[in-house]
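Contents: one structure, followed by commentary.
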Amino acid sequence: MRDPIRRLKWLPWRSLLQVTGLILAIVIGSEFLLSFALRSGLIFRVLEGLYSPPWGLVTSFGVAIAIGALATWILAKLDPPGVISAPTLWALILCLAVGLLIKRFLPLPLSFVSLEYTQLVGLIVGIFWKGRPYWR
């Protein structure tokens, strides 16, 4: 019988945490810039239209897919090609979910990305869509 804890030890945790930190910095930075940009009337109306029903769900899902794909792309550039596999992608989902959970408790002026069901599913879709070549 295999020991699943042993398999967890061999995942590239350092790279996964670096990618998570970089993605969270990008998300927090873009939300911070958006909070300043919302003072402009045109940008406010555009974002209000994008996040109002029925487009709000689609926009939120699309942003999460983009974040997941970006995280997978950065991980692929950071690690050699042989290191990334399906368990590594699942560990990336776990790291990003924990990072977004921690981000929820930060006192930020605006939050477009959080750990909700729709965005978690979008994150999974984005990671495995971009990480398709690494499935084994």
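- Taking each heavy atom of A86 and F128 in turn, the nearest pair found is O-CZ, 4.4 Å.
- If you chain together hydrophobic residues whose side chains sit under 4.5 Å apart, L33 and L70 never meet in one group.
- No donor-acceptor pair under 3.5 Å is formed between the side chain of K103 and the backbone N or O of V27.
- No side-chain heavy atom of L100 sits less than 4.5 Å from a side-chain heavy atom of L120.
- In this structure, W73 CH2 and I23 CD1 are separated by 10.0 Å, a value rounded to the nearest 0.5 Å.
- One hydrophobic cluster holds both W90 and V19 under the rule that ILVMFWY side chains link at heavy-atom gaps under 4.5 Å.
- Grouping the Ile, Leu, Val, Met, Phe, Trp and Tyr side chains by contacts below 4.5 angstrom, directly or via other members, places I84 with I74.
- At least one donor-acceptor pair under 3.5 Å links the side chain of E31 to the backbone N or O of F112.
- One hydrophobic cluster holds both I93 and W13 under the rule that ILVMFWY side chains link at heavy-atom gaps under 4.5 Å.
- Here L16 contributes atom CG and L89 contributes atom CG; the two are 9.0 Å apart, rounded to the nearest 0.5 Å.
- No continuous path of hydrophobic side-chain contacts links L108 to F32 [ILVMFWY only; heavy atoms under 4.5 Å].
- When every heavy atom of L75 is checked against every heavy atom of S15, the shortest pair comes out as CD1-CB, 4.0 Å.
- For A69 against K130, the heavy-atom pair with the smallest separation is O-CG, 3.6 Å.
- Residues passing the side chain to side chain donor-acceptor pair (under 3.5 Å) test with T20, sequence neighbours excluded: none.
- Taking 4.5 Å as the limit, every side-chain heavy atom of Q119 sits out of range of all side-chain heavy atoms of V63.
- None of I67, T118, L92 except one satisfies the side chain to side chain contact (heavy atoms under 4.5 Å, CB included) rule with L123; the exception is I67.
- With hydrogens and angles disregarded, no donor-acceptor distance shorter than 3.5 Å links the side chain of T59 to the backbone of G56.
- Residues L17 and C95 share a closest heavy-atom pair of CD2-SG, 4.1 Å.
- The distance from atom CG of L101 to atom CG of L96, rounded to the nearest 0.5 Å, is 12.5 Å.
- Residues passing the side chain to side chain donor-acceptor pair (under 3.5 Å) test with E116 are S114, sequence neighbours excluded.
- Taking all atoms of both residues into account, the shortest heavy-atom contact from T72 to G126 is OG1-O, 4.3 Å.
- Checked against the 6.0 Å centroid threshold, F61 and W55 do not count as a close aromatic pair.
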